[in-house]
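Beneath this line is the structure, given in structure tokens, with notes to follow.
Here is the naming used below: chain letters follow the sequence lines, and residue numbers restart at 1 for every chain. Reckoned from all heavy atoms, side chains included, excluding hydrogens, waters and symmetry mates.
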Number of protein chains: 2
Amino acid sequence: MLDQRDRRIVEYLQHDADMPVTDLADLVGLSASACWRRIKSLEESGLITRRVALVDRRKANVGMTVFVAVRTSRHSIEWLESFRSAIADIPEIVEAYRLTGDMDYLLRMVVPDVEVYDAVYKQLIARLDFTDISSFIGMEELKYTTAVPMNYLI
Amino acid sequence: MLDQRDRRIVEYLQHDADMPVTDLADLVGLSASACWRRIKSLEESGLITRRVALVDRRKANVGMTVFVAVRTSRHSIEWLESFRSAIADIPEIVEAYRLTGDMDYLLRMVVPDVEVYDAVYKQLIARLDFTDISSFIGMEELKYTTAVPMNYLI
DNA sequence: GGTGAAATCGTAGTGGT
DNA sequence: ACCACTACGATTTCACC
């Protein structure tokens with residue numbers, strides 16, 4: 001269904017979303033209109049969800065990354081739902097996953113400094129109870145990309 | 001230097017990068033040309049770095065997230081550099097951080113399944129030696145956003 | 001300094017071959 | 001896939017505060 005050209009279109013758009021359609025068409029060896037139709041269909045199919053602007057974290061003064069691993073003893077649906085809504089409400093939390101293993105949940109936060117981290121931490125424990133929280137400060141970001149590999153398409 | 005309107009512009013663009021300038025101008029209460037100039041200056045200052053297309057991980061067949069915590073005894077610059085280049089080369093690794101604490105490094109990978117995870121794992125250990133590797137499989141993505149909070153701007 | 005309105009220009013999007 | 005055309009939104013200009 002999706003061929004090599006679709007993959008390449010997505011690969012390029014994952015790195016630069018406002019490349020002109022004509023340029024992209026040249027890169028993948030397609031006419032502009034053919035390329036345009038493919039982009040639209042990739043968007044309609046939902047493979048491409050949206051286009052966003054990325055921000056320099058340092059310049060936005062949230063250069064500090066903190067990972068927070070939390071565990072809970074309350075393994076109910078209700079707990080999960082209120083955890084989920086707490087996470088959604090706190091903009092400093094940019095990622096959150098439920099994990100296998102003994103960690104339960106892993107959060108990634110971006111904050112200006114430890115003081116703000118502490119404030120967010122307090123917000124969190126005010127809303128929910130955790131049996132264990134441990135945090136790891138990111139000293140250096142070695143890699144961060146929003147681009148996912150396109151070579152596993154079915 | 002940056003006022004409330006600049007913040008709001010960035011907030012909107014972080015969620016939808018191809019909103020027409022006129023719409024954005026209305027939202028922040030500016031004329032289209034004034035809004036346009038601010039966007040350009042935000043891009044030139046480097047606060048807005050670029051615009052990218054986001055992809056549905058499931059539909060790209062990389063629905064599985066694995067966190068890999070690695071430790072090393074080789075704390076040299078050389079080791080770090082070859083680690084960095086290994087990470088850069090492997091597209092399944094989408095994030096990598098050097099941490100405080102006893103974890104040393106934390107990687108986030110996106111893969112189709114455990115088989116592919118294992119293959120990537122083998123690639124990694126073929127290129128570098130680690131004293132310890134532990135992995136955590138993400139069972140559920142509770143939150144993932146590329147948008148960082150704009151309320152800490154200096 | 002920054003703004004807003006109008007004029008221009010370029011490219012996305014449409015339709016036909 | 002290509003071409004011609006249209007329509008809209010991105011830039012530019014300029015007068016203004």
Side-chain angles (χ1 to χ4, degrees), chain A residues 1-62 112 145-148 150-151 153-154, chain B residues 1-57 59-60 145-154:
Chain A
M1 190 176 178
L2 295 182
D3 68 359
Q4 210 56 37
R5 284 169 168 159
D6 291 299
R7 292 184 194 196
R8 296 189 59 206
I9 288 172
V10 177
E11 281 167 2
Y12 284 117
L13 290 180
Q14 279 194 115
H15 290 98
D16 180 8
D18 37 35
M19 165 162 15
V21 183
T22 51
D23 295 9
L24 189 51
D26 288 346
L27 284 168
V28 302
L30 240 55
S31 77
S33 49
C35 183
W36 180 82
R37 267 190 297 272
R38 283 178 187 242
I39 295 171
K40 286 299 146 191
S41 118
L42 289 164
E43 284 166 349
E44 268 171 38
S45 76
L47 179 60
I48 294 176
T49 54
R50 56 191 180 137
R51 300 168 192 228
V52 299
L54 297 185
V55 161
D56 184 316
R57 280 197 0 245
R58 290 270 182 79
K59 287 180 174 143
N61 192 29
V62 285
T145 179
T146 55
V148 302
M150 277 295 119
N151 46 308
L153 274 178
I154 24 89
Chain B
M1 188 174 180
L2 294 182
D3 68 359
Q4 210 56 38
R5 283 167 170 163
D6 291 299
R7 292 184 193 196
R8 295 188 60 205
I9 288 172
V10 177
E11 281 168 2
Y12 284 116
L13 289 180
Q14 279 194 115
H15 290 97
D16 180 8
D18 37 35
M19 167 163 13
V21 183
T22 51
D23 294 9
L24 189 51
D26 288 346
L27 285 168
V28 301
L30 237 55
S31 77
S33 48
C35 183
W36 179 85
R37 271 190 295 269
R38 282 171 185 249
I39 294 170
K40 285 300 145 189
S41 113
L42 289 163
E43 284 166 349
E44 268 170 37
S45 75
L47 179 60
I48 294 176
T49 54
R50 55 187 180 142
R51 299 167 192 230
V52 299
L54 298 184
V55 161
D56 185 316
R57 285 202 349 253
K59 288 182 173 140
T145 179
T146 55
V148 302
M150 277 295 119
N151 44 311
Y152 298 113
L153 273 178
I154 23 87

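- One can place CG of L30(B) at 12 Å from P of dG2(C), the figure rounded to the nearest angstrom.
- Between R37(A) atom CZ and dT14(C) atom P there is a gap of 11 Å when expressed in whole angstrom units.
- At a threshold of 4.5 Å between non-hydrogen side-chain atoms, the residues H15(A) and R50(B) count as touching.
- Put simply, the side chain of Q14(B) gets close to the backbone of V148(B): a donor and an acceptor are under 3.5 Å apart.
- In this structure, the CG atom of D23(B) is 13 Å from the C1' atom of dA10(D), given to the nearest Å.
- We find that CZ of R51(A) is positioned 10 Å from P of dA12(C), with the value rounded to whole Å.
- In this structure, M19(B) atom CE and dA12(C) atom P are separated by 19 Å, rounded to whole Å.
- Side-chain atoms of T22(B) stay outside donor-acceptor range of the base of dG9(D), with no qualifying N/O pair under 3.5 Å.
- Here dA10(D) presents its P atom at 8 Å from CD1 of I39(B), a figure rounded to the nearest Å.
- Atom CE of M1(B) and atom C1' of dG1(C) are 13 Å apart (whole Å).
- Going from atom CH2 of W36(B) over to atom C1' of dG10(C) covers 13 Å, rounded to whole Å.
- Each of R38(A), R37(A), R51(A) was scored for a salt bridge (charged side-chain N to carboxylate O under 4.0 Å, His left out) with E43(A), with one residue passing: R51(A).
- Proximity note for A34(B) (side chain, C-beta onward) versus dA1(D), dT3(C), dT12(D): the nearest is dT3(C).
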